[in-house]
Amino acid sequence: MELRDGDRLVGSPRLKVAAGATSNVDIGDAAGNRYTLAFSVTPRSAQTALFKSTIDVVAKGNRQNKAPWLEVALGKPATIAFGEESATAKPFRVDLTISKAD
């Protein structure tokens with residue numbers, strides 16, 4: 001998993017989570033920015049899983065709170081993105097790949 005605020009990499013935690021259980025990632029920096037992600041992963045089929053999340057971003061004096069979810073193919077990259085995109089700004093992004101534990 002990679003969390004990006006525009007082009008800036010905020011963190012790249014690698015997590016092993018239990019199916020259906022809520023897991024948390026909380027990252028802060030010296031500038032006072034804070035990125036919090038609570039999520040669960042639930043198997044849907046042998047090839048897919050449901051990723052449900054709550055994302056709270058406090059950066060550059062702005063706060064955004066979203067609760068996105070998506071069904072992802074196991075082993076394939078997926079992205080959640082929100083926020084404005086312009087010539088000078090890019091959205092906040094969570095890039096993730098969900099794999100079945102061995």
Side-chain angles (χ1 to χ4, degrees):
M1 173 184 297
E2 289 187 346
L3 287 79
R4 294 187 173 276
D5 190 355
D7 288 328
R8 185 172 73 91
L9 178 64
V10 173
S12 55
R14 184 176 172 113
L15 306 164
K16 189 173 190 176
V17 301
T22 300
S23 298
N24 296 286
V25 174
D26 189 13
I27 300 169
D29 64 21
N33 300 314
R34 183 152 223 92
Y35 307 87
T36 305
L37 170 66
F39 67 93
S40 64
V41 177
T42 305
R44 301 283 280 180
S45 72
Q47 295 85 25
T48 64
L50 181 63
F51 180 87
K52 292 178 74 173
S53 64
T54 300
I55 303 170
D56 191 44
V57 175
V58 179
K60 302 174 193 120
N62 297 311
R63 181 175 190 174
Q64 297 183 70
N65 187 282
K66 304 289 182 189
W69 62 269
L70 66 149
E71 189 163 340
V72 298
L74 297 178
K76 305 284 185 187
T79 299
I80 295 170
F82 60 86
E84 248 182 70
E85 183 159 3
S86 68
T88 59
K90 292 191 178 178
F92 178 81
R93 254 185 21 243
V94 178
D95 297 320
L96 58 105
T97 302
I98 298 172
S99 300
K100 199 175 207 180
D102 296 328

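When each of R44, K52, K76 is tested with E71 by the rule salt bridge (Lys or Arg N to Asp or Glu O under 4.0 Å), just one qualifies, namely R44.
F92 and F82 have tilted rings, their planes meeting at an angle from 30° to 60° on a 0 to 90° scale.
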(message) Using the rule given for side chain to side chain contact (heavy atoms under 4.5 Å, CB included), can you reason through F39 versus L96, listing the C-alpha separation, both sets of side-chain angles and the distance that settles it, and then say yes or no?
(response) CA-CA 12 Å; F39 67 93; L96 58 105; over 6 Å; no

(request) Run the numbers on I80 and K66 for side chain to side chain contact (heavy atoms under 4.5 Å, CB included), then give the verdict. (result) CA-CA 10 Å; I80 295 170; K66 304 289 182 189; over 6 Å; no

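Linking ILVMFWY side-chain heavy atoms closer than 4.5 Å, directly or via other members, places V58 and V94 in two distinct hydrophobic clusters.
At a threshold of 4.5 Å between non-hydrogen side-chain atoms, the residues D26 and N24 do not count as touching. Looking at N33 and R8, their side chains come closer than 4.5 Å, going by heavy atoms from C-beta outward.
Between G83 and P91, the shortest heavy-atom distance links the atoms O-CB, 3.8 Å. In terms of heavy-atom proximity, R93 sits nearest to G6 at NH1-O, 4.2 Å. In this structure, T79 and D95 approach most closely via the heavy-atom pair OG1-OD1, 2.8 Å. Contact between L3 and P13 at its shortest, heavy atoms only, is CD1-CD, 4.0 Å. Of all non-hydrogen atoms in T97 and P77, the two that sit nearest each other are OG1-CA, 3.5 Å. Residues G20 and T42 share a closest heavy-atom pair of CA-OG1, 3.8 Å.
From D56, atom CG reaches atom CD of Q64 across 9.5 Å, with rounding to the nearest 0.5 Å. For the atom pair CG of L37 and OG1 of T54, the computed distance is 8.5 Å after rounding to the nearest 0.5 Å. Here the OG atom belonging to S12 is positioned 8.0 Å from the CD1 atom belonging to I27, to the nearest 0.5 angstrom.
Under the salt bridge (charged side-chain N to carboxylate O under 4.0 Å, His left out) criterion, R14 pairs with no residue, sequence neighbours left out.
At distances below 3.5 Å, not a single donor-acceptor pair connects side-chain atoms of S53 with backbone N or O atoms of I55.
When hydrophobic side chains of Ile, Leu, Val, Met, Phe, Trp and Tyr are connected at separations under 4.5 Å, W69 ends up clustered with L50.
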